[in-house]
J.: 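Quick one: the structure is below, and I'll ask about it shortly.
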2 protein chains.
Amino acid sequence: MELYHLRTFVAVAEEKHLTRAAERLFTSQPAISAHIKALEETLGVTLFDRTPKGMRLTAVGEEMLPRARQALAAANTFVQHAKGLQDELIGSVRIGLNSDARFLRLAALQAALADDYPRLEVAMLTGSTGTNLPALRVGKLDAAFVSGEIDDPSMSVCFLAEEPLVIAAPTGLREQIVSTEVEALAALPWVYTSPDCSHFRVMRVLFEAHCCEPTRILIANQEDALVEMVRAGVGLGIIRRGVLAPDDPQAYELPVALPAVPLQFAYLRKRENDPVIRALMQEVCAVWGVDAPREQVRDAG
Amino acid sequence: MELYHLRTFVAVAEEKHLTRAAERLFTSQPAISAHIKALEETLGVTLFDRTPKGMRLTAVGEEMLPRARQALAAANTFVQHAKGLQDELIGSVRIGLNSDARFLRLAALQAALADDYPRLEVAMLTGSTGTNLPALRVGKLDAAFVSGEIDDPSMSVCFLAEEPLVIAAPTGLREQIVSTEVEALAALPWVYTSPDCSHFRVMRVLFEAHCCEPTRILIANQEDALVEMVRAGVGLGIIRRGVLAPDDPQAYELPVALPAVPLQFAYLRKRENDPVIRALMQEVCAVWGVDAPREQVRDAG
DNA sequence: TCTTCGCCATCACAATTTCCGAAGGCGTGA
DNA sequence: TCACGCCTTCGGAAATTGTGATGGCGAAGA
């Protein structure tokens, strides 16, 4: 038995004529006749009395009719529920962070997501560019903020902003910094970022260009930890411009030109048409005032 | 959307594999795949995540699953209800009577019907052979007790018993009844049965055989009315043997041989396979201790 | 790192089901 | 008696559904 049997049953019961029921269902009268016959056979009961004036429900048919309507209503509820869900994102999404909440404008993103997709659970997970990328690859994250150029064909990235970097020095070392030449700076103690952080690359490029290597002192892979190290006088470090207050008594920015790194939003390319990803991208881009990437349909060409 | 889409949806959700769902539904894996794909398309939502390990419900799918089960359950209820009804007669049946309740053994019939078919509404409608037959033809009755030979090819009859008739005479006329010869009796006053009663035919045959005609006095088409007329001394009448008590002070049975008429149970031949008629016949025959007519299947030969 | 395995999507074609138009039976009303 | 409306049945056409083979894609194991 299929739903069309029930639809036909109800239509015939209401129209009282195969002919009219056929018109209503946009089909032919013999088709309707066959539906009723098949239904009666599978049920093992007679639903209609055939009279020269049309079809009249038997007592059994009368009793079956409301249950047929019920079954159809349940099926309809199923479909309607889907219609209500089809533009609504439900489930959860995990976003990897690589910096502090304010810089990443998380409050605005959270507000926008909660507003547009109230049933979407959003998890924002601290990490770094270096930990976010593998987490994306193995599916532990759905999208992530990353810094620096991403050279991974499986990854889609969306540029959000330039992240200007500066060298921060502790006030206690001010006297030892006689020059802002790289070679001179390299001789000073440094607080390293961990190798999986984009700042590390900037640092490496900087020193490699001058064929020197800094004195390693400590590795901090959390930006605030690094800042604290610098302020505690452990050594110099590379941080985002603006992290240090201009009047910070314990550390200050050196006037050295560093290449800016791009802040990007990354996700697996193969998920670029996933509605969750699309929605996320749209909200992130809106928050950052950039254009969202165009839809990538699979069969485009 | 049809029920098989829902069946497949639930099976896949439970088995978590297209392959296993296909086995469970005794079909092929591509068929299952097409069902899910079609369902997702008509609903406009994604129900499953395709993983290399199988199919995993999405959050939307998780939310749709119970509603799919509900719809299937409603459809199943529909079918099960029919199964419960298929041996149960419901509705109503109208039986025409042509005599008194005790003679027709209505108490026993009613008890048997109520016992075997508790949901069958039984209406027993007083009438006579003459009124029952046309009522059957126009569908005002479903079956009826009739007396005498029925000569109507559209009617099926089932013999129940012989109905012996007697001539009843009022005690007040005893002195005038010098002979039980028909010619002599014809000269006496008679209470006629109405022409649509089988007793009328018996009377007519009786007098025609002797080429005489009785004096008409009164017509009563209700047997008890006729008996009362006879007892009141209005005239002679034909009644069933045994209606008059042997010690009745007001009327007595004349020792005249009358042909017995058969009591029969009649219904429209075209309804002989109607379950209600079949059930009715079976019960009536059981009450009267006769064999029910064999099933008449249309394509028998 | 490479291979093998399991799983799902797709394709061309076959099988089945469904549908349609025509014809026929049947009862009704003119 | 005829014409009409209604349902059933029938053969063939059309659409849908199902099948087996094939390929892509990750994951698990060597």
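All chains are named by letter (A, B, ...) in the order of the sequence lines, taking the proteins before the strands, and each is independently numbered beginning at 1.
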J.: For residues 32-50 of chain B, which residues have at least one heavy atom under 4.0 Å from DNA chain C?
T.: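 B/Ser33, B/Lys37, B/Arg50 - these, ordered by number, are the residues of the stretch whose heavy atoms sit under 4.0 Å from the strand.
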
J.: Mind running a 4.0 Å heavy-atom check of residues 6-20 of chain A against DNA chain C and sending the residues that fall below it, in number order?
T.: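 Here the set is empty: none.
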
J.: Is any side-chain N of the basic residue among A/Glu40 and A/Arg50 closer than 4.0 Å to the acidic one's carboxylate O?
T.: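 Between A/Arg50 and A/Glu40 there is a salt bridge, with a charged N closer than 4.0 Å to a carboxylate O.
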
J.: Applying the side-chain contact (heavy atoms from CB on, under 4.5 Å) criterion to A/Phe265, which one of A/Val157, A/Leu104, A/Leu280 satisfies it?
T.: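 It is A/Leu280, the one option of A/Val157, A/Leu104, A/Leu280 that forms the side-chain contact (heavy atoms from CB on, under 4.5 Å) with A/Phe265.
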
J.: Taking atom types as modelled, is there a side-chain donor on A/Ser128 or A/Asn98 under 3.5 Å from an acceptor on the other?
T.: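 There is no such pair between these side chains.
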
J.: Taking all atoms of both residues into account, what is the closest heavy-atom pair of A/Gly96 and A/Leu141, and its distance?
T.: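 Reported closest heavy-atom pair: CA-CD1, 3.6 Å.
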
J.: Do A/Glu62 and A/Arg56 meet the salt-bridge criterion of a basic N to acidic O distance under 4.0 Å?
T.: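 Here A/Arg56 does not pair with A/Glu62 in a salt bridge, since their nearest N and O are not under 4.0 Å apart.
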
J.: For the CD atom of A/Glu63 and the CG atom of A/Leu65, what is their distance to the nearest 0.5 Å?
T.: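 The distance works out to 11.0 Å.
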
J.: With heavy atoms of chain A within less than 4.0 Å as the criterion, where does contact along DNA chain D begin and end?
T.: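 Here the contact window of chain A covers D/dC6 to D/dG26.
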
J.: Where does the angle between the aromatic ring planes of A/Phe145 and A/Trp288 fall among parallel (under 30°), tilted (30 to 60°) and perpendicular (over 60°)?
T.: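 Geometry flag for A/Trp288 against A/Phe145: tilted rings.
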
J.: Report the distance from atom CD of A/Gln70 to atom CD of B/Gln70, rounding to the nearest 0.5 Å.
T.: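 Answer rounded to 0.5 Å: 10.5 Å.
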
J.: Quick one: salt bridge (charged side-chain N to carboxylate O under 4.0 Å, His left out) partners of A/Arg24, sequence neighbours excluded?
T.: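 Only A/Glu14, A/Glu15 meet the salt bridge (charged side-chain N to carboxylate O under 4.0 Å, His left out) criterion with A/Arg24.
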
J.: Could you tell me whether A/Phe9 and A/Phe48 have their ring centroids closer than 6.0 angstrom?
T.: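 Yes - the distance between ring centres of A/Phe9 and A/Phe48 falls below the 6.0 Å cut-off.
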
J.: Could I get the full list of side chain to side chain donor-acceptor pair (under 3.5 Å) partners for B/Asp152, not counting sequence neighbours?
T.: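 If we apply the side chain to side chain donor-acceptor pair (under 3.5 Å) test to B/Asp152, skipping adjacent residues, the hits are B/Arg137, B/Ser154.
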
J.: Heavy atoms, side chains only, cut-off 4.5 Å: are A/Leu43 and B/Val79 in contact?
T.: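 Side-chain contact under 4.5 Å: yes.
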
J.: Starting at atom OH of A/Tyr4, determine the distance to atom P of C/dC19, rounded to an integer number of angstrom.
T.: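 Rounding to the nearest Å, OH of A/Tyr4 and P of C/dC19 are 6 Å apart.
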
J.: Which parts of nucleotides 21-30 of chain C does protein reach within less than 4.0 Å, heavy atoms only, written one letter per nucleotide 5' to 3' as B for base, S for sugar-phosphate only and - for none?
T.: BB----SS--

